[in-house]
Amino acid sequence: MQDTLALLYWYDRNSRQLPWRTAPSDILSGVKPDPYYVWLSEIMLQQTTVAAVKGYFELFIKTWPTLADMANAEEEDILKAWAGLGYYSRARNLYKCAQFVQLHHNGRFPEEEERLLKLPGIGPYTAAAISTIAFGRHAAVVDGNVERVLSRRYGLLTTLPALKAEVKPLMGEMTPHDRPGDFAQAMMDLGATVCTPKSPACGICPWLEVCEGRKQGIADTLPRKAPKKMKPTRRGMAFLLSDESGRILLRKRADKGLLAGMSEPITTHWADDAALEDLTAAPIQADWVRTEKDVKHTFTHFHLEMSVWQAQAPATYEEPEGYWWSEQHELEGEALPTVMKKALKVGGLIS
DNA sequence: GATCCGTGGCA
DNA sequence: TTGCCAAGGAT
């Protein structure tokens, strides 16, 4: 109880102003958070920093001010707007979710955790977060911040990911029935700004006096985690084929797997033992010129090295089914993941 | 439970 | 340069 009140008091004085957040003082004045804003921000914030999300959130609510607007959009436009933010299945599920809520819930998000959990892209964390932040329901919100903060507060030595199950009931007991949403956000803010993964600022922590990890001098070593696996390096080639007017040939990636549904120039399959200059892999015979620099990029579970080649297609060339020519000045607006933008960049096609 | 799925900032 | 890490979900 003391922990709870101390943290809420800290939050009232330190709440950050964020585009999707309703300030504690406004909530006290009766202002209701916009569930659409809460949902959109929570999806974007999955495994993604506040700094990275801000600009995207602003763009999205400007382009699609309401859930109905998003439900009526084209998936292609959602993916284009999401390009660069990563974890692209989130964007596809975002669109599915918007349409589902519009169609089956009269355009209003359900308030209960269990019903939110059934929606595409919404898991245990996000369901609890929306239910409590948008609707003021009591819920145990457990994200990476909460796991870290509580593992330190109670000196929990359980390793991730099993720690989550241990922290969930603790968070449930600690969460007040008055202002549960603010409490959840306070926990996450504390983790993001004070109880940080490295060099936590224990000196300014509202829980300084009660923190078990601090007492034992092990706070910055928690939470414990299993050793990570090494990332292999895969290699591949990208072919920037242009036509006589300088347009670039693009295609859409498969619906499942890495970078699903996103656009790309022609690339080879990325493999551990692939060559960087095997022109038999080129889409057509042409005077392919290799760019000065290769592309290096790291995904969640592997490193990628990719050589980039450029050539102009003969006038007789016809693009295959599913491919299209993109004007150079329109490339920036295509649904290109960052790794593909890097390839176009070393080719001098975008800045 | 284990694996797959992006990206950018930072020590 | 390299590894770590961020408001996780789907399979």
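Chain naming here is simple, since letters A, B, ... match the order of the sequence lines and numbering starts at 1 in each.
- A sub-4.0 Å separation between OP1 or OP2 of B:dG9 and a side-chain N or O of A:T49 is absent.
- Here C:dG9 presents its C1' atom at 17 Å from OH of A:Y88, a figure rounded to the nearest Å.
- Between A:W82 and A:Y95, the distance from one ring center to the other does not fall under 6.0 angstrom.
- Under 3.5 Å, the side chain of A:T48 and the base of B:dG6 form at least one donor-acceptor pair of N or O atoms.
- Taking 4.0 angstrom as the limit, A:R148 places a side-chain polar atom (N or O) nearer than this to OP1 or OP2 of C:dA6.
- Residue A:F302 contributes atom CZ, which lies 13 Å from atom C1' of B:dT7 at whole-angstrom precision.
- Between A:Y87 and C:dA10, a side-chain N or O to OP1/OP2 separation shorter than 4.0 Å is absent.
- When rounded to the nearest whole Å, the span between CZ of A:R92 and P of C:dA10 equals 14 Å.
- Note: CZ (A:R90) to P (C:dG8) measures 9 Å, nearest angstrom.
- Contacts of A:R253 with the nucleic acid, taken as non-hydrogen atoms under 4.0 Å apart, are absent.
- Note on A:K231: nothing from the nucleic acid sits closer than 4.0 angstrom, heavy atoms only.
- Contacts of A:G257 with the nucleic acid, taken as non-hydrogen atoms under 4.0 Å apart, involve only primed sugar atoms and P, OP1 or OP2.
- When the nearest nucleotides of DNA chain C are assigned to A:V50 and A:N93 by heavy-atom distance, the more 5′-ward of the two goes with A:V50.
- Taking the centre of each ring, A:F183 and A:Y11 stay at or above the 6.0 Å mark.
- For A:F299 and A:F302, the ring centers sit closer than 6.0 Å to each other.
- Comparing A:A162 and A:H297 by the nucleotide of DNA chain B whose heavy atom lies nearest to each, the residue mapping closer to the 5' end is A:A162.
- An OP1 or OP2 oxygen of C:dG8 is reached within less than 4.0 angstrom by a side-chain nitrogen or oxygen of A:Q47.
- Across the P atoms, B:dG6 and C:dT11 are found 14 Å apart, a figure rounded to whole Å.
- Counting non-hydrogen atoms under 4.0 angstrom, A:I43 reaches nothing in the nucleic acid.
- Counting non-hydrogen atoms under 4.0 angstrom, A:T300 reaches a base of the nucleic acid.
- In A:K293, the NZ atom is not crowded: 12 or fewer heavy atoms of neighbouring residues, nucleotides or ligands sit closer than 6.0 Å.
- Atom CG in A:L116 sits roughly 17 Å away from atom P in C:dG8 (whole-Å rounding).
- Residue A:P161 is classed as having no contact, given no heavy-atom separation below 4.0 Å to the nucleic acid.
- Rounded to whole Å, atom P of C:dC5 lies 21 Å from atom CZ of A:F299.
- Residue A:T338 has a polar side-chain atom (N or O) positioned under 4.0 Å from OP1 or OP2 of B:dT7.
- Evaluation of atom-type donor-acceptor distances gives no pair under 3.5 Å for the side chain of A:T126 against the base of C:dG8.
- The residue A:K225 sits close only to the backbone: its heavy atoms come under 4.0 Å of sugar-phosphate atoms, none of a base.
- Side-chain N/O atoms of A:R21 and A:Q185 include a donor and acceptor closer than 3.5 Å.
- Counting non-hydrogen atoms under 4.0 angstrom, A:I133 reaches nothing in the nucleic acid.
- One interatomic measurement links the two molecules: NZ of A:K229 to P of C:dG3, which rounds to 15 Å at whole-angstrom precision.
- Put simply, NE2 on A:H301 and NZ on A:K228 are 14.5 Å apart, with the number rounded to the nearest 0.5 Å.
- Here the side chain of A:L259 is nearest to one of C:dG8, C:dG3, B:dG6, namely B:dG6.
- In this structure, A:K228 atom NZ and C:dG3 atom C1' are separated by 9 Å, rounded to whole Å.
- Close to B:dC5, at under 4.0 Å from its OP1 or OP2, lies a side-chain N or O of A:H301.
- For the 3.5 Å distance criterion, the side chains of A:T66 and A:D69 qualify, holding a donor opposite an acceptor.
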